[in-house]
Amino acid sequence: MDRQAGGARATLHHRQHRMTELAHPDRLEKVRRMRAEGIDPYPPRGVEAEPVAELVAAAGSREEPGPRLGETVTVAGRLLGLRDFGKLIFAPLAERSGRIQVGLERDRLAQWWPRRKLLDGGDLVGVTGELGHTQKGEVTVWAQEVHLLSKALAPPPEKWHGLTDKEQRYRRRYVDLWAGEGVAEVFRKRSRALSVIRAYLEGEGYLEVETPTLHPLLGGAAARPFVTRHNALSIDLYLRIAPELYLKRLIVGGMERVFEVSRNFRNEGLSARHNPEFTMLELYEAQADYRRMMEITEQLFERLARELCGGTAVSYRGREYSFAAPFERRAYTELFEEANGCAFDDEPAVRARAKELSIEDEHSDYWKLMSDVFDATVEGELDGPLFVTGYPVGISPLSKASTEDPRITERFEIFVAGMELGNAFTELNDPQEQQRRFEEQVASLDPETPGEVDLDYIQALEYGMPPCGGMGIGVDRLLMVLCDQESIRDVLLFPTMKPLVAADSD
RNA sequence: GGGCGCGUAGCUCAGUUGGCAGAGCAACUGGCUUUUAACCAGUAGGUCCCAGGUUCGAAACCUGGCGCGCUCACCA
C-alpha cells in the first residue's frame with residue numbers, strides 16, 4: 001500500500017516537472033530581452049492579413065505570373081521553422097487557409113535585422129512585403145516589415161515527424177493541428193459535412209431543433225448512462241443517450257420535419273469506434289416511413305461523398321466503396337440464416353449456435369442473445385454501403401411491425417466497412433403497443449434498458465403521432481469513412497482521455 | 001477485465017553477450033543571399049517510467065507497480 005502511494009507520488013512529481021519545462025529557457029530569456037528593449041512579446045492587436053491560399057493562387061508561377069505578383073501584401077500566422085543563410089532567412093508560415101513562404105532579407109529589413117535572433121520557430125508573426133517568387137519558383141512574401149504577434153515559449157515538435165505518439169497528438173491537439181500532416185484537413189471536412197447535412201435537410205423542409213441534454217428518464221436507446229445531480233431540484237438527471245423520444249414529441253406537436261445534431265453520452269468502453277460522447281444526427285419526418293429514410297440516406301451519403309471526396313468513389317482503409325445511389329439491400333432474416341444455418345426465431349437452434357460461438361447469455365433475454373449472434377457472425381463482414389432491413393420486433397422496441405410479417409419491423413441499419421453508420425425505422429405510433437413494449441423492457445431487468453416506463457411519452461402518443469419515419473446517423477463514424485481515418489479519435493478534436501493525474505483513483 | 005507491445009535528451013529513435021549514455025532534428029555559438037527535412041564547424045542538453053531484487057557491475061536480466069498503445073471482451 002505504501003509502495004503504491006510512493007509510486008503514484010513519484011509519477012505525479014515527474015509529470016509536473018516535465019510540464020513546466022515545456023517553456024524553453026532560451027525563449028524565456030528572449031522574452032526578457034524584448035521587454036527590456038520595449039518590445040511587447042504579446043501585443044494586444046493583430047494585423048489585417050489576407051488568406052495565404054488566395055495569395056499563392058494569385059501569385060502564379062515564374063513562367064506565368066499571376067495578377068497580384070509584385071503587390072505589397074500582409075500575411076499572419078505561425079512560423080514553422082527558420083532556414084537561416086546569414087543575410088537571408090526562409091521560413092514557411094502556416095495559417096488557416098494553408099502555407100506560404102516568407103523571405104527575410106537583410107537588405108530589405110535594415111532596421112529589423114538586428115532583432116532576427118529574437119525570432120524562433122513556432123512564433124506567431126505578421127509580415128508585410130512584396131509577393132514574389134524565389135529562383136526555384138516558390139511563392140514568397142519578401143518581407144519589408146515583421147511584427148511579432150505572440151512569442152512561442154514552447155518549441156515546436158520535431159520538424160518532419162511532428163507528433164507521432166497518438167496520446168500526445170490527442171492531448172496536444174493544439175500542436176497536432178498545425179504540426180500534423182492532414183490533421184487540420186479532417187476537421188475542415190468535418191465542418192463542411194455538417195454544412196452539407198444542414199443545407200440538404202433544410203432543402204427538404206426540415207427544421208433544426210435543440211432538445212434537452214439532461215434527461216430525467218432514459219430512453220431512445222439501450223446504453224449505460226452518465227448520471228449527474230441537479231442541486232436545486234434535488235434530483236438525479238441522465239446525460240442523454242439519444243434524443244429520439246423528445247424529437248418524436250415534436251412530431252406530435254406538429255413540427256412534422258425536424259432534425260437535431262445531438263451530442264450523446266454513453267457510459268461504456270472506449271475503442272476505435274466508440275467515444276463516450278459522440279455526435280448523432282437524428283431526423284424525423286411525418287407522413288414518411290423507413291423507405292423514405294433509405295432515400296434520404298442515399299441522397300445524403302452521395303452528396304457528402306461528392307462534396308468531401310470529390311466523387312462517389314470513397315476510399316477507406318485501402319478499399320473502395322461506391323456511395324452512388326441506390327445502395328444494396330439485404331434482409332436481416334436472410335443474412336442471419338445464411339450465416340448461422342437456422343432461422344432467427346428458432347430459439348433452440350440459435351441458443352445452440354450461441355454456445356458454439358461461446359456467446360454468453362448474460363441477460364437471459366432471447367432477443368438480445370439472437371442479436372449478439374447476428375453481430376458476431378454477420379455485421380463485421382458487411383462491406384456496403386448496404387441496408388440491412390427487417391430487424392426482429394424483439395430488438396426494436398420503438399419500430400412499427402411489418403404488415404407482412406409480424407415477427408419483424410419496418411426498420412433498417414446502414415453499414416459501411418463493417419460499421420453500423422445509421423439506424424432508421426417507421427416509428428411506432430400506437431400508444432398501447434408502445435406501452436406494452438416499454439413494460440416488457442422494464443420487466444427484463446437488463447441494466448441497459450429503462451427502469452421505468454416513460455409515461456409522458458406514452459401520453460404524447462395518446463394525442464396522436466402521424467405516420468412517421470425517423471433515423472439516426474453516427475456522424476463521427478460516417479466521417480471516419482469519408483476522411484479515411486481508422487479511429488473515431490481521429491475525427492474528434494478532443495477525444496475523451498484519461499487525465500494525466502487521476503483526481504479520483506481507487 | 002484478459003492477451004500482446006511500448007516507456008532512453010524538448011521531438012523522432014538507436015543502444016550488440018550485462019561493461020564509460022548515443023544519433024538525427026530542435027536549442028545555443030560561429031560561417032553562409034535562393035532554401036524547401038538547407039548546408040558546414042562547434043557547444044550544451046539525461047530521474048534510461050517508479051520501487052525492489054540478481055550481479056564485481058543493470059538502460060538491458062528477474063519481481064512488483066505506474067502510464068500509454070493495439071487487440072479481445074463490453075458497446076441492441
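The structure presented is a predicted model; accordingly, all values stated were derived computationally and were not measured. Note that these values count all heavy atoms, side chains included, but never hydrogens, waters or copies made by symmetry.
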Participant: Return the nearest nucleotide to the side chain of A:E105; candidates are B:U35, B:A76, B:U33.
Facilitator: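 Nearest to the side-chain atoms of A:E105, counting from C-beta on, is B:U33.
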Participant: With side chain to side chain donor-acceptor pair (under 3.5 Å) as the rule and sequence neighbours excluded, what pairs involving residues 110-119 of chain A come up?
Facilitator: none
Participant: Which is more 5' along RNA chain B, the nucleotide nearest A:S396 or the one nearest A:Q135? Just name the residue.
Facilitator: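 Counting from the 5' end, the first nearest nucleotide belongs to A:Q135.
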Participant: Would you indicate which nucleotide in B:U34, B:A26, B:A76 comes nearest to any side-chain atom of A:P155?
Facilitator: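 Closest nucleotide to the A:P155 side chain: B:A26.
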Participant: Under the salt bridge (Lys or Arg N to Asp or Glu O under 4.0 Å) definition, can you give me all pairs with a residue in residues 391-401 of chain A, not counting sequence neighbours?
Facilitator: none
Participant: Starting the side chain at C-beta, find the nucleotide from B:U36, B:A76, B:U33 nearest to A:S371.
Facilitator: B:A76
Participant: List in chain and number order the residues that pass side-chain hydrogen bond (donor to acceptor under 3.5 Å, both in side chains) with A:Q101, two or more places apart in sequence or in another chain; answer none if no residue qualifies.
Facilitator: A:R83, A:T140
Participant: List every contact pair, protein side and nucleotides 69-71 of chain B side both N or O, where the distance is under 3.5 Å.
Facilitator:
residue : atom : partner : partner atom : Å
B:G69   : OP1  : A:R489  : NH1          : 3.0

Participant: Counting only Watson-Crick pairs (N1-N3 plus N6-O4 or O6-N4) and G-U wobbles (N1-O2, O6-N3), all under 3.5 Å, who is the partner of B:A23?
Facilitator: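 Paired with B:U12.
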Participant: Of the candidate nucleotides B:U36, B:A27, B:U34, which contains the atom at the shortest distance from the side chain of A:E138?
Facilitator: B:U36
Participant: How many whole angstroms separate atom CZ of A:R172 from atom C1' of B:C68?
Facilitator: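 Roughly 14 Å, once rounded to whole Å.
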Participant: Mind checking the P distance from B:G67 to B:C49? Whole angstroms is fine.
Facilitator: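 Result for the P pair: 16 Å, nearest Å.
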Participant: Go through the structure and list residues passing side-chain hydrogen bond (donor to acceptor under 3.5 Å, both in side chains) with A:E29, not counting sequence neighbours.
Facilitator: A:R32
Participant: Is the phosphate of B:A27, meaning OP1 or OP2, less than 4.0 Å from a side-chain N or O of A:K30?
Facilitator: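 It does not, given that no N or O in the side chain of A:K30 lies less than 4.0 Å from OP1 or OP2 of B:A27.
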Participant: Once you measure the plane-to-plane angle for A:W367 and A:F344, does it fall in the parallel (<30°), tilted (30-60°) or perpendicular (>60°) bin?
Facilitator: tilted
Participant: If the cut-off is 4.0 Å, is A:R83 near the phosphate of B:U35, judged by side-chain N/O to OP1 or OP2?
Facilitator: no
Participant: Using centres under 5.5 Å plus planes under 30 degrees as the test, is A:F85 stacked with B:C32?
Facilitator: no
Participant: Taking B:A37 as the reference, what is the distance to B:C25 when you measure between their P atoms (whole Å, please)?
Facilitator: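 These two P atoms come out 14 Å apart once rounded.
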Participant: Nearest whole Å is fine: how far is B:C28 P from A:D84 CG?
Facilitator: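 Roughly 10 Å, once rounded to whole Å.
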Participant: From the options B:A76, B:C28, B:U36, select the nucleotide whose nearest atom is closest to the side chain of A:K368.
Facilitator: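 Among B:A76, B:C28, B:U36, the one nearest the side chain of A:K368 is B:A76.
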Participant: Going by salt bridge (Lys or Arg N to Asp or Glu O under 4.0 Å), name the pairs with one or both residues in residues 416-429 of chain A, residues two or more places apart or in two chains.
Facilitator: A:K248-A:E427
Participant: Nearest to the side chain of A:R27, which nucleotide is it out of B:C11, B:U34, B:A27?
Facilitator: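 Nearest nucleotide to the side chain: B:A27.
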Participant: In terms of the nearest nucleotide of RNA chain B, which residue is placed more toward the 5' end: A:I395 or A:Q101?
Facilitator: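 This one resolves to A:Q101.
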Participant: Using atom types as modelled and distance alone, determine if a side-chain donor or acceptor of A:Y42 lies under 3.5 Å from a backbone N or O of A:K151.
Facilitator: yes
Participant: Report the distance from atom NZ of A:K151 to atom C1' of B:A27, rounded to the nearest whole Å.
Facilitator: 12 Å
Participant: Using a heavy-atom cut-off of 4.0 Å across all strands, would you classify A:P397 as base, sugar-phosphate, or nothing?
Facilitator: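 Counting heavy atoms under 4.0 Å across all strands, the contact made by A:P397 includes a base.
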Participant: Nearest to the A:D120 side chain among B:A76, B:A38, B:A27, which nucleotide is it?
Facilitator: B:A27
Participant: Measuring from atom CG of A:L492 to atom OG of A:S487, what distance do you get when rounded to the nearest 0.5 angstrom?
Facilitator: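 Taking CG in A:L492 and OG in A:S487, the distance rounds to 8.0 Å.
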